[in-house]
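Below is one structure, written out as structure tokens; comments come after it.
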Amino acid sequence: MTSPKRLVLILGDQLDLKSAALHNFHHETDEVFMVESMHEAQYVWSHQAKIALFLSAMRHFAQTLKSLHYPISYIRSTPLSIVDALKERIQQEKITHLICVEPGEWRLKQEIEALANKLGLQLEMREDEHFFCSHQEFTDWAAGKKELRLEYFYRLMRKTHQILVDADGNPEGGQWNFDQDNRKPYPKKGPGIIEEPILFEPDTITQEVIAFVKKTYPKHPGSLEAFRWPVTREQALEALNYFVDYRLRNFGVFQDAMWTDTPYGWHSMLSSSLNLKLLNPREVISAVINAWKKYSLDLSTVEGFIRQILGWREFVRGMYYLDMPKMAQDNYYQHQRSLPKWYWSGQTNMACMKDAIGQTLRYGYAHHIQRLMVTGNFALLAEILPSQVCDWYLAIYVDAIEWVELPNTAGMALFANGGRFTSKPYIASGAYIKRMSNYCGSCQYKPDVRFGDNACPVTTLYWNFLIKHRTQFEASPRTRLMTANLKRISDEDQSSITKHAKQLLNHLNDL
Ligand SMILES: Cc1cc2nc3c(=O)[nH]c(=O)nc-3n(C[C@H](O)[C@H](O)[C@H](O)COP(=O)(O)OP(=O)(O)OC[C@H]3O[C@@H](n4cnc5c(N)ncnc54)[C@H](O)[C@@H]3O)c2cc1C
Ligand code: SF4
């Protein structure tokens with residue numbers, strides 16, 4: 001008896017030959033199905049480089065599958081949604097079995113399950129083996145805990161996977177966290193020579209995609225001129241090796257530093273390759289540990305990097321699936337303002353925002369502190385509606401996929417879930433940006449001035465936020481310290497801050 005034909009759906013962020021979707025693939029009867037849905041590029045307003053990255057990586061992956069003789073049906077640029085294109089194929093081919101790996105996006109998972117139900121399909125939705133922590137493990141860890149904190153989850157991951165721990169489960173170097181050695185600003189004279197990251201010239205497939213995106217999505221934000229992202233597994237591995245050989249050594253210490261026209265600093269730029277599954281986090285961690293030994297790197301930099309992958313990346317994914325769909329609707333402070341228009345153009349007088357948004361539009365990239373403490377901090381202080389902010393982050397970064405973007409934006413940057421996994425809102429005045437960057441030196445505003453024409457909008461809105469939420473902040477031991485400095489500001493000055501902030505908030509588009 002011949003086996004039934006099974007359709008194996010591979011999504012644009014599941015480009016891994018070892019993917020669970022391809023386990024037990026029957027070359028004689030099964031078919032891989034991939035779809036370039038124009039609907040997906042449009043339902044969020046995506047950066048042109050993000051669309052190009054997905055399309056190019058998908059086309060390269062399909063080419064690899066073909067070279068390995070996988071039967072594949074690859075639908076190019078259809079106006080249909082992924083699920084509608086899938087439905088069409090299932091009906092055309094009278095498919096009864098659908099196999100896929102659980103999508104990273106909650107909405108898509110629901111839609112595929114609903115389709116399978118509706119069509120009476122046998123659906124095998126397999127666990128995504130790319131991650132260290134399964135949903136079940138995360139749910140078990142979170143169960144009954146009053147506070148969900150990265151630190152304890154990260155320690156568990158270190159012990160479970162025997163990473164940077166000794167045989168007794170104690171942390172390498174005697175401590176779990178080396179944050180105090182990291183997170184320094186660049187020297188006053190500037191970052192000096194930073195080893196350039198490896199960049200990839202677009203090949204024929206990527207050039208074709210770039211031309212297609214320019215023609216099809218001309219009004220979408222961002223530029224394609226600097227498109228140099230890895231689009232194949234080979235390139236992603238090259239980028240990983242280059243990073244650990246040349247750039248990892250200064251990652252930790254300058255992890256939070258910012259400097260004009262220094263878009264990448266010492267960061268890895270591996271997030272898009274990891275999120276598309278061109279790289280596996282296990283091989284990234286192994287490469288980092290090997291480099292640590294080979295080059296005698298500081299443990300602080302190695303631990304700092306591993307914390308991002310084994311800690312934060314796994315943690316936010318766990319939180320996403322634990323808290324969806326509520327996470328997308330949370331609005332703890334009930335903020336309702338619209339995102340200022342210049343988030344899409346970079347045309348603002350604030351030097352810090354101009355630089356962070358400008359490089360984002362050029363490259364589809366900004367590093368963590370630019371996302372958290374520049375654009376994210378401003379959006380929280382300016383009381384922007386969280387869903388609009390989240391839409392912006394999802395649109396504008398090449399590595400943005402909802403499972404990782406939403407918890408970082410809504411949960412971490414905007415405190416929209418009221419501190420479900422952060423102890424207090426991440427807010428800062430212009431003084432922090434001045435300390436961590438050179439932005440303020442070229443800005444028309446003054447970071448230390450709280451109100452008046454020269455006042456830094458970040459500073460004004462920071463103090464306004466504290467004044468507004470003072471009672472609540474003082475009620476909690478975690479936030480009490482944040483309002484302590486308000487005691488040093490006279491009542492008169494506080495009312496000037498409030499008045500100036502009101503003006504700013506009413507004219508955000510003019511900043
Ligand atoms: C508001 C906001 C939105 C964000 N949106 C995204 C997003 O859409 N996609 C995304 O991959 N990351 C997102 N991040 C996390 C982080 O900023 C990026 O992963 C990082 O900047 C990517 O650059 P990199 O590869 O050079 O990272 P590096 O600084 O070199 O870090 C190494 C790797 O660690 C992982 N990592 C680091 N921080 C985090 C984190 N907080 N959460 C999850 N993984 C992390 C990434 O895989 C990254 O490649 C967001 C952070 C904030 C504050
Ligand atoms: S002065 Fe304020 S607005 Fe200007 S760069 Fe500094 S922090 Fe940003």
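FYI, the numbering just counts along the sequence from 1. Counting starts at 1 for both ligands and their atoms, in listed order.
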Atoms in ligand 2 flagged as close to Gly430, the criterion being non-hydrogen separation under 4.0 Å: 7 (S)
Whether Phe243 and Phe305 hold their rings parallel, tilted or perpendicular, with breakpoints at 30° and 60°: tilted
Main-chain N/O of Ser46 paired with His220 side-chain donor or acceptor, under 3.5 Å: yes
Min side-chain heavy-atom separation Tyr186-Ile194 under 4.5 Å: yes
Contacting atoms of ligand 2, where contact means under 4.0 angstrom from a heavy atom of Cys456: 1 (S), 2 (Fe), 3 (S), 7 (S)
Cation over ring face, Arg317 and Phe138, 6.0 Å, 45°: no
N/O/S atom of Cys440 inside 2.8 Å of atom 6 (Fe) of ligand 2, strictly under: yes
Face-on cation placement of Arg371 at Tyr397 ring, 6.0 Å and 45° thresholds: yes
Validation row, ring centre Phe153 to ring centre Trp141 under 6.0 Å: yes
Nearest heavy-atom neighbours spanning Lys188 and Trp259: O-CH2, 3.4 Å
Whether Phe315 and Phe421 hold their rings parallel, tilted or perpendicular, with breakpoints at 30° and 60°: perpendicular
Atoms in ligand 2 with a heavy atom of Cys443 nearer than 4.0 Å: 1 (S), 3 (S), 4 (Fe), 5 (S)
Nearest-contact summary for atom 1 (S) of ligand 2 - protein heavy atom, Å: Tyr445 O, 3.5 Å
Minimum-distance protein heavy atom relative to atom 8 (Fe) of ligand 2: Cys352 SG, 2.4 Å
I'd like a table of the close N/O pairs between ligand 1 and the protein (anything under 3.5 Å), one pair per line with both atom names and the distance.
unit_1   : atom_1 : unit_2 : atom_2 : d
ligand 1 : 9 (N)  : Asp399 : O      : 3.0
ligand 1 : 9 (N)  : Asp399 : OD1    : 3.1
ligand 1 : 11 (O) : Asn275 : ND2    : 2.8
ligand 1 : 17 (O) : His368 : ND1    : 3.0
ligand 1 : 21 (O) : His368 : N      : 3.4
ligand 1 : 23 (O) : Tyr365 : OH     : 3.4
ligand 1 : 25 (O) : Ser268 : OG     : 3.4
ligand 1 : 25 (O) : Met269 : N      : 3.4
ligand 1 : 25 (O) : Leu270 : N      : 3.0
ligand 1 : 25 (O) : Ser271 : N      : 3.0
ligand 1 : 25 (O) : Ser271 : OG     : 3.3
ligand 1 : 26 (O) : Ser268 : N      : 3.4
ligand 1 : 26 (O) : Met269 : N      : 2.7
ligand 1 : 26 (O) : Tyr365 : OH     : 2.7
ligand 1 : 29 (O) : His267 : ND1    : 2.7
ligand 1 : 30 (O) : Ser268 : N      : 2.8
ligand 1 : 30 (O) : Ser268 : OG     : 2.7
ligand 1 : 38 (N) : Gln308 : OE1    : 3.4
ligand 1 : 41 (N) : Asn408 : OD1    : 2.9
ligand 1 : 42 (N) : Asn408 : ND2    : 3.0
ligand 1 : 49 (O) : Ser271 : N      : 3.1

Ion pair Asp323/Arg420, N-O distance below 4.0 Å: yes
